[in-house]
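Just below is one structure, and these are the notes that go with it.
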Amino acid sequence: MGGGRKIKQGAAEVAPIFRSRKDGGATREEEDGREYDSDSSDRSRTMAATPLTKEDLRQLLSDIKANMATEFDRHLTPIREGLIDLTHRTSTIEEQLDLTVTRTTATENAITALQEQLRQLEEAQEDLNNRSCRNNVRIRGIPETVTIEALGPTLRELFCGLLPEATPAELLLDRVHRALRAPMPNATQPRDVIIRVHYFHIKEALMQAARNTPLQIEGHQISFYQDLAPSTLRKRRELRPLTQELTRQHIRYSWGHPFKLQVRKNNRTYTLYNTAEMADFAESLGLDPTNLATDPNPRRHDRGPPPRNAPPTAPARQMPNSPRIRADN
């Protein structure tokens, strides 16, 4: 055909993307670094020779998804197993933690109950000690020159002067001895003398008479005090700032057994059982807690009654099952 383009017979023009590579160049499989099975290779050769259809694309996408799912499953299985194990261990730890919290709460409750029982036992023991010493009198100031053998006759003579109406039989003393400690060689304060008066009413009469009468033995001033348990003395020392303020305010107070401080003000009785609540107790009485000065020498009044200038105190009245601070009309 003149002037026309010659078409080569027997050879169809094929797009470069579909041409088969026979020149030894790298195939698509080699470029991607993947290995296909024989079916995939056949399919690839077939696809290289013929145009791709939608069905081919769908099949290719399905194969890719299957391969990705297999790879994901292979890599995620250990992670999934680790998460399951971690979840189990976390649940176990939470269960153990709940059990520990329950046991700790039960232990705290038991400790609180035991502390309350211990407090009650200590108070009961303190009350028993004080009641067993209710006939005892502690006399301070008798010089060490008075021997043990001379203590009995010396005190009986002193008691006859205090209670002239009492008979010698009523002034019976069960025990007379010094405080159970070694004498200090250079001490200016002699050891206390502890006696047990056989009759309680005689003991009370002696205490009342000694409070209103100056007493001396060999020129030494002596004082009579109630013999009390050490724990009671410690509590009284802790309340000494309050009792000093009550004395300055001319407010009547008295001690009770088991341990308590009773204050009478404005025709009402206020009772304190716990020394730790002294500030609150002072506020309930209308006193300023900041005025409760600390006694610089608390042991000076360990065993003594209120000072002589203090107003008379009323006898204590038992108030069982009372709160730590109580106000009665």
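Here the structure is a predicted model, which is why all the values come from computation and not from measurement.
- Judged as a side-chain hydrogen bond (donor to acceptor under 3.5 Å, both in side chains), not a single pair has a partner in residues 102-112 (not counting sequence neighbours).
- Results of the side-chain hydrogen bond (donor to acceptor under 3.5 Å, both in side chains) test with Gln226 over Arg134, Arg138, Lys203 single out Lys203 as the only residue that passes.
- Closest of all the heavy-atom pairs between Leu287 and Pro289 is O-CD, 3.3 Å.
- Between Phe281 and Leu261, the shortest heavy-atom distance links the atoms CZ-O, 4.3 Å.
- Proximity of a side-chain donor or acceptor of Asn135 to a complementary backbone N or O of Val197 within less than 3.5 Å is detected.
- A salt bridge does not link Arg119 with Glu122: every distance from a Lys NZ or Arg NE/NH1/NH2 to an Asp or Glu carboxylate oxygen is 4.0 Å or more.
- In this structure, a donor-acceptor pair under 3.5 Å is absent between the side chains of Ser132 and Asn129.
- In the hydrophobic cluster analysis, where Ile, Leu, Val, Met, Phe, Trp and Tyr join through side-chain heavy atoms closer than 4.5 angstrom, Leu121 is grouped apart from Leu114.
- Between atom CZ of residue Arg237 and atom OG1 of residue Thr232 there is a gap of 10.5 Å, rounded to the nearest 0.5 Å.
- Between Leu173 and Phe159 the shortest side-chain heavy-atom distance falls below 4.5 Å.
- Shortest non-hydrogen contact noted between Leu228 and His257 is CD2-CE1, 4.2 Å.
- Minimum interatomic distance between Ala282 and Leu292 (heavy atoms only, all atoms of both residues): CB-CD1, 4.0 Å.
- The distance from the CD atom of Gln59 to the CD1 atom of Ile64 is 10.5 Å, given to the nearest 0.5 Å.
- Asp127 contributes no side-chain N or O that, together with a main-chain N or O of Glu123, makes up a donor-acceptor pair within less than 3.5 Å.
- Atom CD of Glu218 has more than 12 neighbouring heavy atoms from other residues, nucleotides or ligands inside a 6.0 Å radius.
- Of the candidates Val137, Asp227, Leu151, Val137 is the only one forming a side chain to side chain contact (heavy atoms under 4.5 Å, CB included) with Ile195.
- Counting non-hydrogen atoms of neighbouring residues, nucleotides and ligands closer than 6.0 angstrom, the CZ atom of Arg89 reaches no more than 12 such neighbours.
- Using modelled atom types, one side-chain atom of Asp56 and one backbone atom of Thr53 make a donor-acceptor pair closer than 3.5 Å.
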Checklist entry - After noting the C-alpha distance and the side-chain angles of Leu155 and Ile142, does the key distance pass the side chain to side chain contact (heavy atoms under 4.5 Å, CB included) rule? => result CA-CA 10 Å; Leu155 290 176; Ile142 299 179; 3.8 Å; yes
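- The backbone N or O of Ala229 lies less than 3.5 Å from a partner atom in the side chain of Asn130, making a donor-acceptor pair.
- When all heavy atoms of Tyr273 and Lys260 are compared, the closest pair comes out as CE2-CD, 3.7 Å.
- Under a hydrophobic clustering in which Ile, Leu, Val, Met, Phe, Trp and Tyr are joined whenever their side-chain heavy atoms come within less than 4.5 Å, directly or via other members, Leu83 and Phe72 fall into the same cluster.
- Between Glu245 and Arg248 the shortest side-chain heavy-atom distance falls below 4.5 Å.
- A single hydrophobic cluster is not seen to contain both Ile93 and Leu86; linkage of ILVMFWY side chains at heavy-atom distances under 4.5 Å, directly or through other members, places them apart.
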Checklist entry - How far apart are the C-alpha atoms of Leu272 and Leu242, what are their side-chain angles, what is the distance that settles it, and do they pass the side chain to side chain contact (heavy atoms under 4.5 Å, CB included) test? => result CA-CA 11 Å; Leu272 174 65; Leu242 176 61; 4.2 Å; yes
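- The backbone N or O of Thr290 sits less than 3.5 Å from a side-chain atom of Asp288, completing a donor-acceptor pair.
- A side-chain donor-acceptor contact under 3.5 Å links Thr243 to the backbone of Arg240.
- Ring geometry, Tyr199 versus His201: the interplanar angle falls from 30° to 60°, so the pair is classed tilted.
- In this structure Glu81 satisfies the salt bridge (charged side-chain N to carboxylate O under 4.0 Å, His left out) test with no other residue, sequence neighbours excluded.
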Item to check | side chain to side chain contact (heavy atoms under 4.5 Å, CB included) between Arg252 and Thr269, worked out | outcome: CA-CA 10 Å; Arg252 300 175 60 183; Thr269 301; over 6 Å; no
Checklist entry - Are Leu215 and Leu158 close enough, and set up right, to give a side chain to side chain contact (heavy atoms under 4.5 Å, CB included), and what steps lead you there? => result CA-CA 9 Å; Leu215 300 175; Leu158 179 67; 4.0 Å; yes
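- The structure places OG of Ser91 at 12.0 Å from CD of Gln96, a figure rounded to the nearest 0.5 Å.
- Hydrophobic cluster membership differs between Ile194 and Met207, with clusters built from Ile, Leu, Val, Met, Phe, Trp and Tyr side chains linked at under 4.5 angstrom.
- One hydrophobic cluster, built from ILVMFWY side chains closer than 4.5 Å, holds both Ile148 and Ile139.
- Distance alone, capped at 3.5 Å, places no donor-acceptor pair between the Arg236 side chain and the Leu239 backbone.
- Classification of Glu238 and Lys235 as a salt-bridged pair fails, no side-chain N sitting under 4.0 Å from a carboxylate O.
- A donor-acceptor contact closer than 3.5 angstrom links the side chains of Glu116 and Gln120.
- Distance CG/Leu162 to CG/Leu206: 6.0 Å, rounded to 0.5 Å.
- Within the 3.5 Å criterion, the main-chain N or O of Arg191 finds a donor-acceptor partner in the side chain of Glu144.
- Here the closest heavy-atom approach between residue Lys265 and residue Tyr270 is recorded as O-CE1, 3.9 Å.
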